Amino acid sequence: MTPIFLKRPARTTKALIPVEQSAYAAWLEDQPAAVRNWLANTGFAARPGQIGAVATGDGGIDFVVVGVTASEAIWSYGGLARGLAAGSYRIDADLGPAAATAAATGWALGAYRFDRYRTAEAPAAKLVWPKGVDRAAVERTVAATTLVRDLVNTPASDMGPPELATAARRLARRHRARCRVVSGGDLLRRNFPAIHAVGRAASKAPRLIDLSWGRRDAPRVTIAGKGVCFDTGGLDIKSAAGMRLMKKDMGGAAHALGLAHMIMAADLDVRLRVLIPAVENTIAGNAVYPLDVVRSRSGRTIEIGHTDAEGRVVLSDALTEACREKPDLLIDFATLTGAARVALGPEVAAMFSNDDDLASAIGDHAVGAEDPVWRLPLWQPYGDYNKSDVADISNDSNSRFGGAIAAALFLESFVESDISWVHFDIMAWNVRDRAGRPKGGEAMAMRAMFGVVAERYPPRRKRSRAGADR
């Protein structure tokens, strides 16, 4: 956060004036003729995110006007850190705490660049912390989003199951959490056979990452994340085009860690558990064959109707283990189906839930956080699509319709009915550059979900981190 924000203005700090398009004409009337003419000649119209730099007489920048809108309080500022000339800026307006926090969040998210493998670009412009900003909220949101983006953007050569486990351990150390990993043949000995079956053909052993944090008698919140670090499709191999972005197939795991960071950084009063089945779905002589039958941790058998529907298979073991502790809230994130992208496009997270109140709360927070989700139904008649002639359930829908719903129903069948559960089927990737959201890995529904958890389980007063039972 240090390179992006300043505590106080410097001598050369420029004023940044936010103006809504509906109020622009009135604002412009109060400006000197030189400013009015300059903005008119440069085509500035106060469209959301539009930047209007007003020059001084000697060619420098006097101040900057930016178009904003309340409906995009975050993203109106998303293009500024990279769109403005290097230097420092301060917002010259009384925003109020919520708007100030949104502005700083958008600024910081727009400063993000994934530069692990290339020469660093020019530094982003810096912003003086706005008055009334919730710095802690900005810092945890940006840190979590950066974590998700970095994990998803990293290629599989450097982000396989071992590296994903290392990332989880690093997060655990940061928050004094506990992280255990069950790997390779130990998965069979500890009864995680579905995870082992999907990942056994890879040179990097499959594993279950298990992170826990918080006092033991606090309300239990468990997050599961699909951690398929690369997906060839298995023996039902993908095309080259279909395989191209499959480094992002661990996006659910990245979201699980990102949300975990937000919860721990906010010191919410929960007993947090994160379960990540981390595998590579590859091809070898010991790979799962089409129509093999795999036993899951629950004891139920899964017919592998298609080896490229592996995400729901590994999540079956994780969800079964999650339900063993009867959590108050169970969340899963997964880059699960192309059908969800066909239904909603790449920028809206598909949400499924067995709890109407939970789904409604997530929807409300999604609007406030500018983090779009859309609820799709757990339409029970489509459960027939998952029927198998030889096993308890098939991982391959027998219909070409309703694929996202069928996949969600598959997962729901491994969730106990009395547990409040939500499943997010996400893209985890920006297919185009937008203000504050560069092309590449992206966090989706994470801020919305955090809002619900924070509302339900706020920190206990006067609780010291040192006194918590980790």
Side-chain angles (χ1 to χ4, degrees), residues 180-200 206-212 220-228 234 252-253 256 273-279 281 288-289 291-307 309-334 336-337 352-355 378 380 382-398 405-425:
R180 296 169 291 182
V181 179
V182 182
S183 181
D186 286 342
L187 288 167
L188 295 176
R189 287 185 282 274
R190 298 283 296 276
N191 191 28
F192 294 101
I195 297 173
H196 182 272
V198 170
R200 70 192 183 201
R207 59 206 68 203
L208 176 71
I209 301 164
D210 186 349
L211 182 151
S212 57
R220 294 185 178 275
V221 173
T222 299
I223 312 167
K226 173 186 169 185
V228 178
R273 193 177 187 193
V274 178
L275 294 166
I276 296 172
V279 302
N281 186 25
V288 171
Y289 290 3
L291 299 189
D292 275 359
V293 175
V294 171
R295 189 169 296 277
S296 69
R297 182 173 180 79
S298 69
R300 299 172 67 211
T301 53
I302 303 170
E303 183 180 23
I304 306 300
H306 203 294
T307 64
E310 81 299 330
R312 67 200 74 180
V313 177
V314 297
L315 281 172
S316 70
D317 276 0
L319 293 173
T320 298
E321 171 59 17
C323 291
R324 182 179 62 81
E325 294 186 326
K326 295 285 187 179
D328 296 81
L329 176 59
L330 176 57
I331 307 157
D332 82 70
F333 293 92
L336 205 63
T337 68
F352 299 84
S353 181
N354 62 2
D355 183 334
L378 288 166
Q380 296 301 321
Y382 291 173
D384 289 346
Y385 294 171
N386 296 324
K387 283 187 174 179
S388 166
D389 294 331
V390 300
D392 293 322
I393 195 169
S394 172
N395 77 327
D396 183 30
S397 172
N398 58 31
I405 298 174
L409 290 170
F410 179 100
L411 296 182
E412 186 189 29
S413 72
F414 291 91
V415 175
E416 295 179 15
S417 59
D418 60 343
I419 292 175
S420 180
W421 165 70
V422 61
H423 158 59
F424 294 102
D425 190 337

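The basis for the numbers below is simple: all heavy atoms, side chains too, and nothing from hydrogens, waters or symmetry mates. None of the values given here were measured: they were computed from a predicted structure.
Of the residues Asn191, Ile195, Leu187, the one that meets the side chain to side chain contact (heavy atoms under 4.5 Å, CB included) test with Asp317 is Ile195.
Looking only at distances, a side-chain donor or acceptor of Asn395 sits under 3.5 Å from a matching main-chain atom of Ala309. Under a 3.5 Å cut-off, the side chain of Ser397 and the backbone N or O of Asn386 do not form any donor-acceptor pair. Of the possible polar contacts, none joining the Glu325 side chain to the Cys323 backbone as a donor-acceptor pair under 3.5 Å is found. Between the side chain of Asn281 and the main chain of Thr307, a donor-acceptor pair closer than 3.5 Å is present. Proximity of a side-chain donor or acceptor of Asp332 to a complementary backbone N or O of Gly225 within less than 3.5 Å is not detected.
Listed by first and then second residue, the salt bridge (charged side-chain N to carboxylate O under 4.0 Å, His left out) pairs involving residues 294-305 are Arg297-Glu321 (not counting sequence neighbours).
For the pair Val221 and Pro327, the minimum side-chain heavy-atom distance is 4.5 Å or more. Ile393 has its side chain out of reach of Ser388: every pair of non-hydrogen atoms, C-beta onward, lies at least 4.5 Å apart. With a 4.5 Å cut-off on side-chain heavy atoms, Trp421 and Ile331 do not count as touching. Under the 4.5 Å side-chain criterion, counting only non-hydrogen atoms from C-beta, Phe352 is in contact with Ile405.
The CD1 atom of Ile302 sits 3.5 Å away from atom OG of Ser316, with the distance rounded to the nearest 0.5 Å. Atom CG of Leu275 and atom CZ of Phe192 lie 7.5 Å apart (nearest 0.5 Å). Interatomic distance, Ser298 OG to Arg324 CZ, rounded to the nearest 0.5 Å: 14.0 Å. Taken from CZ in Arg200 to CG in Leu188, the straight-line distance is 9.0 Å, to the nearest 0.5 Å. Atoms CZ and CD1, from Phe424 and Ile223 in turn, are 10.5 Å apart once rounded to the nearest 0.5 Å. Atom-to-atom distance recorded for Leu319:CG and Glu416:CD is 11.0 Å, nearest 0.5 angstrom.
Between Leu336 and Ala407, the closest heavy-atom pair is CD2-CB, 3.6 Å. Nearest heavy atoms, Gly383 versus Leu409: N-CD1, 3.4 Å. Annotation for Lys226 and Ala334: closest pair CB-CB, 3.8 Å, computed over non-hydrogen atoms. Of all heavy-atom pairs spanning Ser353 and Leu378, the tightest one is O-CD1, 3.3 Å. Across every non-hydrogen atom of Val288 and Ala197, the tightest pair is CG2-O, 3.1 Å. Between Ala322 and Thr222, the shortest heavy-atom contact is CB-CG2, 3.7 Å.
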Report the C-alpha separation of Ile304 and Leu291 in whole Å, then their side-chain angles, then the decisive distance to 0.1 Å, and conclude whether the side-chain contact (heavy atoms from CB on, under 4.5 Å) test is met. CA-CA 5 Å; Ile304 306 300; Leu291 299 189; over 6 Å; no

Pair Leu330-Val415, side-chain contact (heavy atoms from CB on, under 4.5 Å): steps then yes or no: CA-CA 9 Å; Leu330 176 57; Val415 175; 4.2 Å; yes

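Side-chain contact check for Thr301 and Asp392: at least one donor-acceptor pair (N or O, by modelled atom type) lies under 3.5 Å.
Judged as a salt bridge (Lys or Arg N to Asp or Glu O under 4.0 Å), and not counting sequence neighbours, Asp292 has no contacts. Among residues two or more places apart in sequence or in another chain, the side chain to side chain donor-acceptor pair (under 3.5 Å) test is passed with Asn398 by none. Applying the ring pair (Phe, Tyr, Trp, His ring centres under 6.0 Å) rule to Phe414 yields the partners Phe410; only residues at least two apart in sequence or on another chain are considered. Thr337 pairs by the side chain to side chain donor-acceptor pair (under 3.5 Å) definition with Asp425, not counting sequence neighbours. Remark: Asp210 engages Arg180, Arg273 in a salt bridge (Lys or Arg N to Asp or Glu O under 4.0 Å) (not counting sequence neighbours).
Looking at Asp418 and Lys326, a side-chain N of the basic residue comes within less than 4.0 Å of a carboxylate O on the acidic one, giving a salt bridge.
Heavy atoms of other residues, nucleotides or ligands lying less than 6.0 angstrom from CG of Asp389 number 12 at most.
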